[in-house]
Amino acid sequence: GRFASTTATYRVCTPAGGVTLSGTSARVLITASSSLPANIILQAASSTSGGLIEVAFLNTSTSTASTAIFGLNFFAFQ
């Protein structure tokens with residue numbers, strides 16, 4: 001997939017390192033590494049009932065952006 005211009009795009013991420021989230025009640029803080037293009041904004045993050053993290057990206061550019069692999073850091077707490 002790609003990030004359409006001025007549109008929110010949702011992706012589901014699996015926590016690495018054996019981290020387990022306990023359902024949808026976890027609070028999620030997310031930061032991006034320098035790999036995130038300048039025109040892509042992390043709009044929201046939430047935990048899912050399956051213990052995954054759903055992330056909303058917003059492309060503020062007027063053109064479509066590639067969905068290359070981005071480095072993201074997650075912090076989850078109850």
Measure from the side-chain N and O atoms of Thr48 to the backbone N and O of Ile53, and report whether any donor-acceptor pair falls under 3.5 Å.
->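 Side chain of Thr48 to backbone of Ile53, a donor-acceptor pair under 3.5 Å: no, none is there.
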
With rounding to the nearest 0.5 Å, note down the distance linking CG in Asn39 to OG1 in Thr60.
->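 Answer for the CG-OG1 pair, Asn39 versus Thr60, is 5.0 Å.
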
Spatial distance of atom CZ (Phe57) from atom CD1 (Ile30) [nearest 0.5 Å] |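 Output value for this atom pair is 6.0 Å.
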
Are side-chain heavy atoms of Leu58 and Leu42 found at a separation under 4.5 Å?
->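 When only atoms from C-beta onward are counted, Leu42 and Leu58 do not touch, as no gap falls below 4.5 Å.
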
Close side-chain approach of Phe74 and Thr31, heavy atoms under 4.5 Å |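 A side-chain contact is absent here, since even the closest heavy-atom pair is not under 4.5 Å.
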
Using side chain to side chain contact (heavy atoms under 4.5 Å, CB included) as the criterion, list what pairs up with Ser46, not counting sequence neighbours.
->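 In terms of side chain to side chain contact (heavy atoms under 4.5 Å, CB included), with neighbours along the sequence ignored, Ser46 is linked to Glu54.
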
Listed partners of Ala56 passing side chain to side chain contact (heavy atoms under 4.5 Å, CB included), at least two apart =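 In terms of side chain to side chain contact (heavy atoms under 4.5 Å, CB included), with neighbours along the sequence ignored, Ala56 is linked to Tyr10, Gln43, Ala44.
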
